[in-house]
Amino acid sequence: MGATRLGRREPAKAQKPSKVGEVATWADDRHGLAALAKKNVRKVFPDHWSFMLGEIALWSFVILLLTGVFLTFWFKPSMAEVVYHGSYDQLRGIPMSEAYASTLEISFDVRGGLLMRQIHHWSAMLFIAAMFVHMMRVFFTGAFRKPRELNWMVGGLLLMLGILNGFTGYSLPDDLLSGTGLRIADGLMKSIPVVGTYVSFFVFGGEFPGDDIVSRLFTVHVLLIPGLLLALVGLHMLLLVYHKHTQWPGPGRTEKNVVGFPMMPVYAAKAGGYFFIVFGVTALMGGLLTINPIWLYGPYNPSQVTAGSQPDWYMGVAEGLLRIMPGWESELFGYTISWNVFLPGVVAPGIIFTMVMLYPFIEAWITGDKREHHLLDRPRNAPTRTAFLVAMMTLFGLLWAAGGNDLLAVTFNLNLNYITWFMRVAIFVGPPIAFVFTRRWCISLQRQDEERLLHGYETGVIMRSPEGSYSERHLPIDRTGAYILTARDRDEVYQLPAGADGNGVAARGSLKNKVRARLSEFWFADNVQKPTREELVAGHGDTDRELALHAGEAHPADGHQYDGRHDVAGDELRKH
Amino acid sequence: MLLTALLLTGGAYAVLSPASAQDDLAADEALVDRGRQLFLVGCASCHGTNAEGIVTSDGTQYGPSLVGVGAAAVDFQVGTGRMPLAEPGVQAPDKPAQYDDEETRALAAYVASLGPGPAIPEAEKYDLEGVDEEGVVRGGQFFLTNCTACHNFAGAGGALPEGKYAPPLQGTDPKYIYEAMLTGPQQMPVFSDEVITPEDKEDVIAYIQSLEENPSYGGFALGSYGPVAEGMFAWLLGIGALVGFAVWIAANSVRSKKRTKA
Amino acid sequence: MTDRRDNEMAVPGNEDAALDPHASQPGDPIDNPGLPAHQPRPTDVDEAAEKRAERQVAAMFGLSAVCAVLFCVAYFALDIGSEPDMFGGIGAQNLALGLALGLALLLLGVGAIQWARKLMSDHEIVEMRHAVASSEEDRADTVAALKQGVDDSGIGRRPLIRNSMLGAVAALGLPAVVALRDLGELPGSSLEETVWRKGMRIVNDVSGTPIRPEQVEIGQLVNAEPAVFFATDEEGEPVYEGHELQAAKAKAAVILVRIEPSEISPLPAREDWGVQGILCYSKICTHVGCPISLYEQQTHHVLCPCHQSTFDLADNARVLFGPADRPLPQLPLGVDDEGYLVAMSGFQEPVGPSYWERGES
């Protein structure tokens, strides 16, 4: 078996001084890395498709670095005015910034330049999309819990920096759409009370649009943020390796171990192969699908605008908020506060980001859970957490749709104004409905699991009792399946400290504790707990009894004959 | 009542529009006569038997007056199938034309005979013969300044308030683009010949045509709807495909029933 | 299931498997059954299947190399520039390069993964986790070492040094902030001013032609600019160009419309701001500053394509819908000696998005 195959490789490594061995010796003589590498060469990573979502983001980042370097060879981050004389007929002779002209050059006069531009832009979209789905996976499975809170925060920072870098990136070509985006960013800055006007003038180097913003954004886009991203990605990976990856519960998989494939060779091949797949898919998209055809938008001109002026998708939530916000402004002692811009454009993103960063601590405070967790939760087993994320996703989805309300109107023949009004109401009504619905759905799934554990699965065999009543035969599920269903923690509702409750006298900090107890009660309310060993035995007793009833019959149909799941021979249930 | 929104260009043309828009179509009496016959059958129920418009009892316009709208407006509305209206709505959609070319000419002649208005432009105004490369570039600047706000950067169309929309320009007959600028059908504003000169208009049309002749440099255009469509493709196609690959990579491969190696 | 551990103990990296007892946890209803036995794949037990998989992987790598060569062929063979090659209405070079590169990468990736899935050992191995927290002893030692360091420095005993050092470090923040002062000039009153002056002609954008009232029809929209943007100085140089033109345009762009005079309801102070129903408004949205020119001639509404604020131009550009709060500023119109439309003054309030210092208009 496997041992023999592996055994064959063994002597080659240990005895003959191979080329690899020589290099390793050379390196170890100088750095003494063998002790460190010994463990990590065969580092174990568990295998599950959802563990690869973060990899999409990682590889997209690598693609961004590669294609981005290519683009910098031609891109000129300058707002100096030049007259275009390149290959694109429809803009020849038009004055424009060097930034825009050089982007046209990359698109029309550098072979492969358009492809690199499009790959760069597509992988930026995928980079942030992958971070979102990765984050959703981590959230749904509770992988952010102790000891991984810090890594969750690093991830949150990565997401924010990624979005910021996306914005600075699509603002660089200085085309009409990016200029319109900067115009809106200028409006957002100006809405900040007290300092807003100064912020705008300092960012743009004077009055909008100025002649500095492209070169400043360029430095931010290619140096500052990528540097931070690189450092944080490194930290993210380091913590991942240090903590070892989480895993799904299953036979042989516990809080104390991690089961999977070794880094060398399986994981290296799979992860390395996945890099090429991500790059390949992105390259195909760059070859087949137009993205950001800047030549159609024309150079930025503050008196021009186009229908369909939207930011890239990851800014869609902010765009939606801006669109559905009612027009509120206040005058206070002769000063203006534009709530209509400041709230959706500055305050809301701030609140969302803070909530994301603090979430692990908020949940731990409510649940009082201080244990380490290396086994993942099935989303159904944390109904409130799952429902909370689904509610947030509903909110994001609605705002996202609101950010494209004009295209919804055109595509589906809807009334633009009605869509806006619908969204103004829906963002308050939709998420609570989604929350309640998801929570009940999770609890129903938990009940179904409990049912399967205690009473087995439905065999489809209909039995008629001597009295003439019909019933469907249930059989216990297999041991592995049953173990997986029970491999989870029992929920513990936070209890008020005894002193405060017993005497009816408010102890210090009791309000906080009461809130906490209430929240904790709400958090776990109606959750189904896994059965105890006794309950399980009692449950199985029922099925056993049922089987026993029919034991004497000529053709005792226990159901295994029909479900195709077990080998009938040697089935211990048939002994009954 | 929604028909009020369907007002064509106001009757005020009769007073305000330049006298130069006199039309020789109206001089052809036989044609005018035939046009009147067609009008009485197909148009009079909304626009009135003398094209004076019909005002409902609550004061709203049922069908607007056509006095002074000119032959160009008729040619546009009837030629693109927008008129006659199939059903009331916020906006008359284009559809296959209900009248053939000769009938459309007759209707145009009749309406032109009611009062001076913009004439159907001669073919040389929009055949793009005289447009050079510079003209196309200029046309692009006019297009981006005056048209893209509603019709989008690639002429793919866009939304207006209350369910109205700016239709796509791709594939539209140059004559109708010219007439639309000249007469301002429905909600579209007028771009008079004095401000956007006939040469400017021809340049705009040349630019739109040149976009259609350009290859789609970067691959499929995704409807030219901008970042919203791109985001949708990033998620559905990009993330969809990559998650699909991830599922494949992590899936268990086929297992053998055989236990030992032969 | 039984002999699994004995077999895999020998695999490097799997030493932990022996230390991994699946003792039943108190309270768990079902004991952990332990890792299931390894099931061989066809490639593990069937020589022919193994060879087939090997050929498959090698074929993918080979095809990948072919695609890489095709990329180079397409790079040199297909033209871009002003006379690009086309393929089915699509730019041929981008398409060919993308397909070749994409397939080359994809085949390489799929091949590597197929190699891992079919041919590399798929024995799962076990690694134990160790408590993240250090031992109590280590913690105590670290705290003691830290304390020793702090004590040795005497930072607690010498408040003079401590406070003066903190003060010095804090003071370094000042240069850091002050050095950024020249990022931009101060706003001053620049947001309140545009280039519009009394008597300045209103000209059509792009062409720069001045406009007479009789050239503007009912239902017309003119995207207009101040004449100075098309003016030249004594030396024939444009008065405004480059980023100065952009900045001035970002405030001065206007729209001119003509509405049936009977439908206009001007504010009392604005009754003479129009000329025969011709009205002029700022083109810059009062929400966040997009140029706004989706004009509906029948309703006289103008819509912003960015966030859908809707203004009624017949009613002093009152906000009808959307996130904007203030009407579009209006420019008073008149006619000069030669009969062209001119501004009768500048804008009487700041144009564009709100800002803190804007105050009451």
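Just so it is clear, the model here is predicted, and its values are computed rather than measured. Letters A, B, ... are given to chains in the order of the sequence lines, protein chains preceding strands, and every chain is numbered from 1. Hydrogens, waters and symmetry mates play no part in the numbers below; they use all other heavy atoms, side chains included.
- Contact detail for A:T336 and C:G359: the closest heavy-atom pair is OG1-N, 2.9 Å.
- For the pair A:Y198/C:P187, a side-chain contact is recorded, criterion being any heavy-atom separation below 4.5 Å from C-beta on.
- When the candidates A:K256, A:R479, A:M325, A:M264 are compared by the number of heavy-atom contacts under 4.5 Å with chain C, A:K256 comes out ahead.
- Salt-bridge check for C:R129 with A:E255: failed, with every basic side-chain N at 4.0 Å or more from each acidic carboxylate O.
- Across every non-hydrogen atom of A:P262 and C:I125, the tightest pair is CB-CD1, 3.8 Å.
- Using a 4.5 Å cut-off between heavy atoms, C:V319 makes no contact with chain A at all.
- In terms of heavy-atom pairs under 4.5 angstrom with chain A, the leader among C:G111, C:A324, C:G352 is C:A324.
- Note: A:D211 leads A:D211, A:T180, A:V341, A:I324 in heavy-atom pairs under 4.5 Å with chain C.
- Among C:E241, C:K251, C:Q114, the residue with the largest count of heavy-atom pairs under 4.5 Å with chain A is C:K251.
- Taking 4.5 Å as the limit, every side-chain heavy atom of C:P323 sits out of range of all side-chain heavy atoms of A:W328.
- With a 4.5 angstrom heavy-atom cutoff, A:E319 touches chain C via backbone and side-chain atoms both.
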Review point. Given C:Q93 and A:R111, is the side-chain contact (heavy atoms from CB on, under 4.5 Å) satisfied, shown in steps?
Key: CA-CA 8 Å; C:Q93 204 208 39; A:R111 282 175 285 187; 3.3 Å; yes
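- Interface remark: A:I484 contributes no atoms to any contact with chain C (heavy atom separation under 4.5 Å).
- For C:Q308, the part lying near chain A is the side chain, with the backbone staying farther off; criterion is any non-hydrogen pair under 4.5 Å.
- Without hydrogens or angle criteria, C:N94 side chain to A:T290 main chain gives no donor-acceptor distance under 3.5 Å.
- For A:I277, the parts lying under 4.5 angstrom from a heavy atom of chain C are both the backbone and the side chain.
- The residues C:D28 and A:R488 are annotated as not salt-bridged, no charged nitrogen and carboxylate oxygen being separated by less than 4.0 angstrom.
- With a 4.5 Å cut-off on non-hydrogen atoms, C:E225 touches chain A through its side chain but not through its backbone.
- Per-residue heavy-atom pair counts under 4.5 Å with chain A were compared for C:L191, C:L103, C:V110, and the maximum is reached by C:L191.
- C:L35 is listed as a side-chain neighbour of A:R253, based on a closest heavy-atom distance under 4.5 Å.
- Annotation: maximal heavy-atom pairing with chain A below 4.5 Å, among C:G98, C:P29, C:G81, occurs at C:P29.
- Both the backbone and the side chain of C:D122 come within contact range of chain A, with heavy atoms under 4.5 Å apart.
- For A:K43, the parts lying under 4.5 angstrom from a heavy atom of chain C are both the backbone and the side chain.
- Listed options A:P193, A:G179, A:S309, A:G196 were ranked by heavy-atom pairs under 4.5 angstrom with chain C; first place goes to A:P193.
- With values rounded to the nearest 0.5 angstrom, A:F279 atom CZ is found 6.0 Å from C:L101 atom CG.
- The candidate from A:V203, A:L114, A:T282 with the greatest count of non-hydrogen atom pairs under 4.5 Å with chain C is A:L114.
- Crowding of C:F61 atom CZ: a count of heavy atoms from other residues, nucleotides or ligands under 6.0 Å exceeding 12.
- Looking only at side-chain heavy atoms (C-beta outward), A:V258 and C:V126 stay at 4.5 Å or farther from each other.
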Practice item. Decide side-chain contact (heavy atoms from CB on, under 4.5 Å) for A:F202 and C:L186; before the verdict, give the C-alpha distance in whole Å, the side-chain angles of both, and the deciding distance to 0.1 Å. Key: CA-CA 8 Å; A:F202 283 179; C:L186 295 181; 4.1 Å; yes
Check your understanding: Is there a side-chain contact (heavy atoms from CB on, under 4.5 Å) between A:V305 and C:I292 once you walk through the steps?
Key -> CA-CA 7 Å; A:V305 73; C:I292 178 169; over 6 Å; no
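- Under the 3.5 Å distance criterion, the side-chain polar atoms of C:N32 are matched with a main-chain donor or acceptor of A:G252.
- Within the 4.5 Å cutoff, no side-chain heavy atoms of A:R42 are placed close to those of C:E127.
- Listed here is the closest heavy atom pair of A:G273 and C:I113: C-CD1, 3.6 Å.
- Side-chain contact check for A:F208 versus C:Q246: every heavy-atom pair is 4.5 Å or farther apart.
- With contacts defined as side-chain heavy-atom distances shorter than 4.5 Å, the pair A:L284/C:L106 qualifies.
- Not a single donor-acceptor pair under 3.5 Å links the side chain of C:E124 to the backbone N or O of A:F261.
- Contacts between C:K249 and chain A at a heavy-atom distance below 4.5 Å involve backbone atoms as well as side-chain atoms.
- Options A:L322, A:V194, A:T480, A:I184 differ in how many heavy-atom pairs under 4.5 Å they form with chain C, and the most are formed by A:V194.
- For A:I119, the part sitting under 4.5 Å from any heavy atom of chain C is the side chain, from C-beta outward, and nothing else.
- At distances below 3.5 Å, at least one donor-acceptor pair connects side-chain atoms of A:R323 with backbone N or O atoms of C:C306.
- Residue A:N405 touches chain C through its side chain alone, counting heavy-atom pairs closer than 4.5 Å.
- Each of A:L332, A:V195, A:I337 was checked for a side chain to side chain contact (heavy atoms under 4.5 Å, CB included) with C:W356, and the lone residue meeting it is A:I337.
- Interface remark: C:F321 contributes side-chain atoms only to the contact with chain A (heavy atom separation under 4.5 Å).
- Contacts between C:F71 and chain A at a heavy-atom distance below 4.5 Å involve the side chain alone, from C-beta outward.
- Summarising the geometry, atom OG1 belonging to A:T420 is positioned 11.5 Å from atom NE2 belonging to C:H307; distances are rounded to the nearest 0.5 Å.
- Contact check for A:E329 versus C:R326: side-chain heavy atoms found under the 4.5 Å cut-off.
- C:I255 does not touch chain A: none of its heavy atoms, backbone or side chain, sits under 4.5 Å away.
- Looking at A:T197, both its backbone and its side chain come within 4.5 Å of chain C, counting heavy atoms on both sides.
- Neither the backbone nor the side chain of A:Y88 comes within contact range of chain C; no heavy atom of the residue lies under 4.5 Å from a heavy atom of that chain.
- A:Y242 touches chain C through its side chain: at least one heavy atom from C-beta onward sits under 4.5 Å away, while N, CA, C and O do not.
- In terms of heavy atoms, A:P251 sits closest to C:P33 at CB-CG, 3.9 Å.
- Listed options A:D109, A:D89, A:T486 were ranked by heavy-atom pairs under 4.5 angstrom with chain C; first place goes to A:T486.
- Chosen from C:S293, C:A112, C:A250, the residue pairing most often with chain A at heavy-atom distances under 4.5 Å is C:A250.
- Side-chain contact annotation: A:S303 with C:D205, donor-acceptor N/O pair under 3.5 Å present.
- Chain A forms more heavy-atom pairs under 4.5 Å with one residue of C:A116, C:P353, C:S190, C:A133 than with any other, namely C:S190.
- The line from OG of A:S338 to NE2 of C:H287 is 8.5 Å long, rounded to the nearest 0.5 Å.
- No side-chain donor-acceptor contact under 3.5 Å links A:R183 to the backbone of C:C290.
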